[in-house]
Amino acid sequence: MPTPVSSVPTLGLPAGEDVPVLGLGTWGMGENARRTEQEIAALQLGIDLGMTLVDTAEMYGDGSTEDLVGRALVGRRDKVYLVSKVLPSNASRTGTIAACERSLRRLKTDHIDLYLLHWRGSTPFGRTIEAFEELVAAGKIRHWGVSNLDPDDMKEFLAAKGGTGVQTNQVLYNPSRRGIEFDLLPMLKARKIPIMAYSPIEQGRILTDRTLVDIARRHGATPAQVALACALRDGGVIAIPKAADVAHVRDNRAALDVKLTAQDLADIDRVFPPPKKARPLEML
Ligand SMILES: NC(=O)c1ccc[n+]([C@@H]2O[C@H](COP(=O)([O-])OP(=O)(O)OC[C@H]3O[C@@H](n4cnc5c(N)ncnc54)[C@H](OP(=O)(O)O)[C@@H]3O)[C@@H](O)[C@H]2O)c1
């Protein structure tokens, strides 16, 4: 197993803030009291190992995940870049502000660092942006962004009043979900807007893929590390694997030491071909 590098590399958001390229997902945490202590320990270990970007959402566990994250951050809040998301059904001007205040209470903090629109709903983007800006002015969020927007939605968002303040688009991205490489990823890279790759190990489903297993063996690594190294290979991407098992947290952290070769990438292209034309954005 590779030994961890000394610090997690960072990437600059458009507003100038540096965030780690490897963070911590939380979907599914906080839903079973018997797993609470283990989940808190996993998040705290991840933060202590430098994966200090924590991603959550009001949707997860109907708020119970944010509650667990708040407990995990006690004594560590100032080390963490905290990301949460507003549901599209709450994304009106007043609804966004009320949802954020509920999230802040559950997260036991006075501010969220990056607040995302979880996916596009029926509220015009401009209304949500107005609410985001009010929340920034009140010090309740520091920055804001979007999730699950395809290239057309993204262009529309950027053209909305104030839309260029967007800091990221959080989307599904892993070796088996490469559609964004055709259009969304280059479009955002050109604007220096990083994407945040969710489900970067496809919720575990790609870990038995023979090619990933073979590549992992060549590096003395694991298939999860290969998937993460693949997501991070070209820059402009922040990966947020979720791990409730401390061994998985350590494994993911050490993915930063895995450098894929041209041969590895060619092997991945053979089993998971890069897109040759636009594909509809996939969501989980
Ligand atoms: N914006 C959106 O719409 C959206 C959608 C989906 C996800 N997300 C965010 O992205 C985060 C990550 O995505 P995800 O949770 O869907 O899937 P994921 O991170 O691809 O996979 C999580 C699963 O992989 C396992 N795992 C983690 N590290 C591993 C390792 N090194 N070896 C083997 N198994 C490992 C975890 O097990 P253990 O938990 O047992 O360790 C868990 O079952 C979410 O938690 C959430 O914060 C956002």
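These figures come from a predicted structure and were not determined experimentally. We count ligands from 1, going down the list as the structure has it; atoms in each ligand are counted the same way. The chain is numbered in sequence order, starting from 1.
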Among all protein heavy atoms, pick the one closest to [atom] and tell me residue, atom and distance.
| atom | result |
| --- | --- |
| atom 6 (C) of ligand 1 | Tyr198 CD1, 3.2 Å |
| atom 14 (P) of ligand 1 | Ser199 OG, 3.6 Å |
| atom 9 (C) of ligand 1 | Asp55 OD2, 3.4 Å |
| atom 28 (N) of ligand 1 | Asn252 ND2, 3.1 Å |

Which of the numbered atoms in ligand 1 are under 4.0 angstrom from any heavy atom belonging to [X]?
| X | answer |
| --- | --- |
| His118 | 1 (N), 2 (C), 3 (O) |
| Leu207 | 33 (C), 34 (N) |
| Pro241 | 19 (O) |
| Asp245 | 41 (O) |

### Message
Once you measure the plane-to-plane angle for Tyr115 and Phe132, does it fall in the parallel (<30°), tilted (30-60°) or perpendicular (>60°) bin?
### Response
perpendicular
What I want to check is whether the side chains of [X] and [Y] have a donor and an acceptor closer together than 3.5 Å.
| X | Y | answer |
| --- | --- | --- |
| Ser84 | Glu66 | yes |
| Glu133 | Trp144 | yes |
| Asp267 | Gln263 | yes |

### Query
Going by heavy atoms in the side chains, are Tyr173 and Leu185 under 4.5 Å from each other?
yes
So, regarding [X] and ligand 1 (criterion: nitrogen or oxygen to nitrogen or oxygen, under 3.5 Å), is there a contact or not?
| X | answer |
| --- | --- |
| Ile201 | yes |
| Ala224 | no |
| Lys85 | no |
| Asn148 | yes |

#### Entry: Main-chain N/O of Leu256 paired with Arg253 side-chain donor or acceptor, under 3.5 Å
no
### Message
Tell me whether Gln167 contacts the main-chain N or O of Gly165 through its side chain, where contact means a donor paired with an acceptor under 3.5 Å.
### Response
yes
Thinking salt bridges, do [X] and [Y] make one under a 4.0 Å N-O criterion?
| X | Y | result |
| --- | --- | --- |
| Asp183 | Arg279 | no |
| Asp55 | Lys85 | yes |
| Glu202 | Arg177 | yes |

### Task
Report yes or no: does a heavy atom of Ile240 sit under 4.0 Å from some atom of ligand 1?
yes
### Task
Give a yes/no on ligand 1: does Trp119 have at least one heavy atom closer than 4.0 angstrom to it?
no
Option whose closest heavy atom lies nearest to [atom], chosen from [options]:
| atom | options | answer |
| --- | --- | --- |
| atom 32 (N) of ligand 1 | His248, Met196, Lys242 | His248 |
| atom 16 (O) of ligand 1 | Gln203, Gln170, Met29 | Gln203 |
| atom 8 (N) of ligand 1 | Tyr173, Tyr60, Trp27 | Tyr60 |

### Task
Please report the shortest heavy-atom distance between Ser92 and Ala131, naming the atom on each side.
O-CB, 4.2 Å
Counting heavy atoms only, which part of [X] comes closer than 4.0 Å to ligand 1: side chain, backbone, both or neither?
| X | answer |
| --- | --- |
| Asp251 | side chain |
| Pro200 | both |
| Val171 | neither |
| Gln225 | neither |
| Ala243 | both |

### Query
For His118, what residues pass the side chain to side chain donor-acceptor pair (under 3.5 Å) criterion, not counting sequence neighbours?
none
### Message
Hydrophobic cluster membership, with links at side-chain heavy-atom distances under 4.5 Å among I/L/V/M/F/W/Y: are Leu45 and Val80 in one?
### Response
yes
